[in-house]
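So the structure is just underneath, and the comments pick up after that.
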Amino acid sequence: MPVTVNAADNAGAYVTGVNLNKLQASETGVLKQALGEHGVLFFRDQSLTCANHIKLAGHFGHININRFFTPLSDFPQIAQVLKEPDQQKNIGELWHTDHSYDQIPALGSILVARDLPGSGGDTLFASMFAAYDALDESMKKTLNGLTATHSSRHVFGKKAHEGTDRQALSARFHNSDAATQNAIHPVVIRHPISSRQALYVNPQFTLHINELPADESTALLELLYHHCQAELFQHRFNWQDGSVAFWDNRATWHKALNDYPGERRLMHRITIEGESLSG
Ligand code: SIN
């Protein structure tokens with residue numbers, strides 16, 4: 001059966017005709033192109049084993065062992081994204097793109113559903129290609145040439161976990177000493193696979209726009225965040241047993257909904273290394 005890629009509403013695409021446990025070389029190229037074009041790929045009914053999850057990620061680049069997430073003891077390449085029934089906070093509730101705090105940000109992640117709540121726990125994805133395309137020409141002109149500083153300190157660093165609402169999360173992260181770096185990236189990037197332009201700032205990790213005074217930077221970022229959160233650019237992915245999502249950080253934001261109180265949700269995430277970004 002050939003691989004079929006069907007665009008989803010607003011962001012991403014659903015892929016059928018592929019067994020991720022046994023990805024063929026010819027299919028890797030199709031998925032890579034589709035990822036560059038759509039920003040996130042959704043798969044159903046996969047029964048992907050942990051060993052094949054690692055093998056699958058290896059088809060797209062080197063695995064980045066996330067320094068903050070707790071890994072599986074048998075498979076250190078796999079990070080756990082976990083919320084237990086007695087925990088209030090989940091991981092990834094604020095809109096973000098992973099690893100923008102690295103100077104060479106990760107390409108993306110492959111997330112596999114392992115234990116899902118009875119209902120809820122969907123993930124929202126937003127297309128930063130579409131968000132950029134929808135800006136008016138004068139805003140595009142203003143943004144091209146600007147750069148922004150991103151950091152992990154306020155999210156994964158020691159101080160980040162001092163507040164009471166964040167303490168519940170700190171047990172699920174480690175290595176807070178490693179949260180020291182800043183990174184600078186263009187506000188508008190050219191996607192390394194598709195060359196499409198995409199907005200590359202996000203509410204979780206972007207600190208400020210470097211070329212603007214603080215108040216103007218804050219106002220511009222708020223305006224962009226408001227624009228990017230329009231439903232018009234979003235797809236809501238409803239996880240089922242066997243679901244897998246493969247997103248590209250250079251083309252999308254994501255947000256994990258925290259609407260399943262008292263229930264467990266466990267996902268396995270492998271992150272793939274990327275490359276430097278340019279405008
Ligand atoms: C993440 O932000 O990496 C996790 C997304 C999710 O759990 O749906």
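As the structure lists them, so they are numbered: ligands from 1, and atoms in each ligand from 1.
- Aromatic ring centres of Y200 and H150 lie closer together than 6.0 Å.
- For Y260, the ring pair (Phe, Tyr, Trp, His ring centres under 6.0 Å) test picks out no residue, with sequence neighbours left out.
- The nearest pair of heavy atoms linking R196 to E37 is NH1-O, 3.4 Å.
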Filter the ligand 1-protein atom pairs down to N or O on both sides and distance under 3.5 Å, then list them.
residue: ligand 1; atom: 2 (O); partner: H96; partner atom: NE2; Å: 3.0
residue: ligand 1; atom: 2 (O); partner: H254; partner atom: NE2; Å: 3.1
residue: ligand 1; atom: 3 (O); partner: R269; partner atom: NH1; Å: 2.7
residue: ligand 1; atom: 7 (O); partner: R265; partner atom: NH1; Å: 2.8
residue: ligand 1; atom: 7 (O); partner: R265; partner atom: NH2; Å: 3.4
residue: ligand 1; atom: 8 (O); partner: T123; partner atom: OG1; Å: 2.6
residue: ligand 1; atom: 8 (O); partner: R265; partner atom: NH2; Å: 2.8

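- The ring pair (Phe, Tyr, Trp, His ring centres under 6.0 Å) check on H38 picks up nothing, with sequence neighbours excluded.
- For CD of E216, the number of neighbouring non-hydrogen atoms (other residues, nucleotides, ligands) closer than 6.0 Å is greater than 12.
- When the side-chain hydrogen bond (donor to acceptor under 3.5 Å, both in side chains) test is applied to D136, the partners found at least two apart in sequence or on another chain are S138.
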